[in-house]
Amino acid sequence: MATRRGYAWSSLAICVAIVLSAFLLHGVFGEVGLLYTVLLIPMGLAVFIVAHDVLSRRNTAAAERRRLAGEREHVRRTVDFIADPDLTEQQRLAVIDALIPRVRRVRDRQKDRYPDPHEDPFTVRYVIVSELSPPARALLERARRAVTSVYASRAMRLRLLDGPANEMLLPRQIWEIALLLRAQTRLWQEQERAMSGVVTPELRAVLEPQQEALRRSAAAVKARVERLERYARRIAEADAALRARDALAANHKYRALLARTDDAEGPAVLEAQAEALEETLARSVREAAEAGHTLTMPAAP
């Protein structure tokens, strides 16, 4: 509405300018001024058309940016996906755009460029969690929960752990696990299709080694998730030691209470507990760091 009102005012302003110019030119040049006025009319119209086109393009582009921003936010809120941690911010936005239905329709029309879906640069850079099998989703959720607990830990906030290493290593672990689970899901689906009809001994002889390979891969991924969970447990134990150390700050209250009750042994017990706790805390942090070292980064290709 505001845009149409602007165009109306622009048109009125141009018409007024032409009329005033006609009077001015007629007063200065007489009849010749009318000829100049006739020449000004198409020039004014041309200026109006160009200005209208420029403003229209700007408004269309601004409306598209607002629409795209809203659709991107909707994808972030409604689509659970895991993206390659090596993506740049621009590439991450391209992945989000690929999950927008109208953008995906445009991409689907270009699929002839990628006859093999695994070569599609969008497909290989993200994993949609809902497309995984239920067991795969459960395993991935365990890995994500472990990583989240590490990031939320007090030991991490206090920088008792190698923060940069964790920030690089843990997202890479989740990404690689998600890729493996997606590949396993697709291969199990192939196995189900192959087993959907009559199963002959020849077919079974082909499928059983493939299924064994899938089972071995699934076991390896499960072991990888369990390593992440062990690491998270070590961090949780370090956090518990930190909380216990904080509780030591209240020991003076208990010593005072024991002193008022003529208990001579109690303060010595509290002091011994404090010393033991310091050793426990140091050991917990050290063991957590050692557990993190088992999550080695993959070798560069």
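Bear in mind the structure is a predicted one, so any value in this text is a computation, not a measurement. Computation of the quantities below employed the complete heavy-atom set of this structure, encompassing side-chain atoms and omitting hydrogens, waters and symmetry-equivalent molecules.
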- [ ] For R77, look at atom CZ and say whether over 12 heavy atoms of other residues, nucleotides or ligands are found less than 6.0 Å away.
- [x] yes
- [ ] Would you check if R172 and D86 make a side-chain contact, meaning some heavy-atom pair closer than 4.5 Å?
- [x] yes
TODO: Could you tell me whether the side chain of M156 reaches within less than 4.5 Å of the side chain of N166, counting heavy atoms only?
DONE: yes
Task: Closest non-hydrogen atom pair, V206 against P209 - done: O-CD, 3.4 Å
Open item on the list: For the backbone of L214 and the side chain of S217, can you confirm whether one donor and one acceptor N or O come within less than 3.5 Å of each other?
Closed with: no
Task: Within-4.5 Å side-chain heavy-atom neighbours: F81 and V129 - done: no
TODO: Supply the atom-to-atom distance Y126 OH to D84 CG, rounded to the nearest 0.5 angstrom.
DONE: 13.0 Å
Open item on the list: For R67, is there an ion pair with E71 - N to carboxylate O distance below 4.0 angstrom?
Closed with: yes
Open item on the list: Let me confirm one number: the CH2-CG distance from W175 to L180, rounded to the nearest 0.5 Å.
Closed with: 10.5 Å
Open item on the list: Please report the interatomic distance CZ(R144) to CG(L139), rounded to the nearest 0.5 Å.
Closed with: 12.5 Å
TODO: Return yes if some donor-acceptor pair links the side-chain N/O of R157 with the main-chain N/O of A152 below 3.5 Å, else return no.
DONE: yes
Task: Side chain proximity check, R92 to R125, heavy atoms < 4.5 angstrom - done: no
Task: Under 4.5 Å side-chain linkage, directly or through intermediates, the cluster mates of V199 - done: M195, L203, L207
Open item on the list: How long is the straight-line distance from CG of D80 back to CD1 of I128, given to the nearest 0.5 Å?
Closed with: 9.5 Å
- [ ] Starting from the C-alpha separation in whole Å, work towards a yes-or-no answer on side-chain contact (heavy atoms from CB on, under 4.5 Å) for Q173 and V147.
- [x] CA-CA 9 Å; Q173 290 288 314; V147 169; 5.8 Å; no
Task: Heavy-atom donor-acceptor pair, Q91 side chain to T88 backbone, under 3.5 Å - done: yes
TODO: Report yes or no: does Y231 contribute a side-chain atom to a donor-acceptor pair with the main-chain N or O of A146 at less than 3.5 Å?
DONE: no
Open item on the list: Going by the rule side-chain contact (heavy atoms from CB on, under 4.5 Å), which residues pair with A136 if we only count those two or more places apart in sequence or in a different chain?
Closed with: L132, S133, L181, T185
Using residues 236-243 as the side-chain source, report each donor-acceptor pair under 3.5 Å to any protein atom, sequence neighbours left out, with the distance given to one decimal.
residue	atom	partner	partner atom	Å
D239	OD1	R154	N	3.3
D239	OD1	A155	N	2.9
D239	OD2	R154	N	2.9

- [ ] Enter the distance from R186:CZ to Q189:CD here, rounded to the nearest 0.5 Å.
- [x] 8.5 Å
TODO: Supply the atom-to-atom distance T200 OG1 to R204 CZ, rounded to the nearest 0.5 angstrom.
DONE: 8.5 Å
Open item on the list: For a 4.5 angstrom cut-off between non-hydrogen side-chain atoms, does V127 reach L140?
Closed with: no
Task: Enclosure of R58 CZ (heavy-atom neighbours >12, cutoff 6.0 Å) - done: no
Task: Where A143 and I177 come nearest, the two heavy atoms and their spacing - done: CB-CD1, 4.1 Å
TODO: Show your working on side-chain contact (heavy atoms from CB on, under 4.5 Å) between L68 and I100 and close with a plain yes or no.
DONE: CA-CA 9 Å; L68 186 59; I100 297 172; 3.7 Å; yes
Task: Worked check of salt bridge (Lys or Arg N to Asp or Glu O under 4.0 Å) between R57 and E64 - done: CA-CA 10 Å; R57 289 176 182 271; E64 173 61 21; over 6 Å; no
Task: R182 with E131: basic N within carboxylate O range, under 4.0 Å - done: no
Task: W188 with V225, same ILVMFWY side-chain cluster at under 4.5 Å - done: no
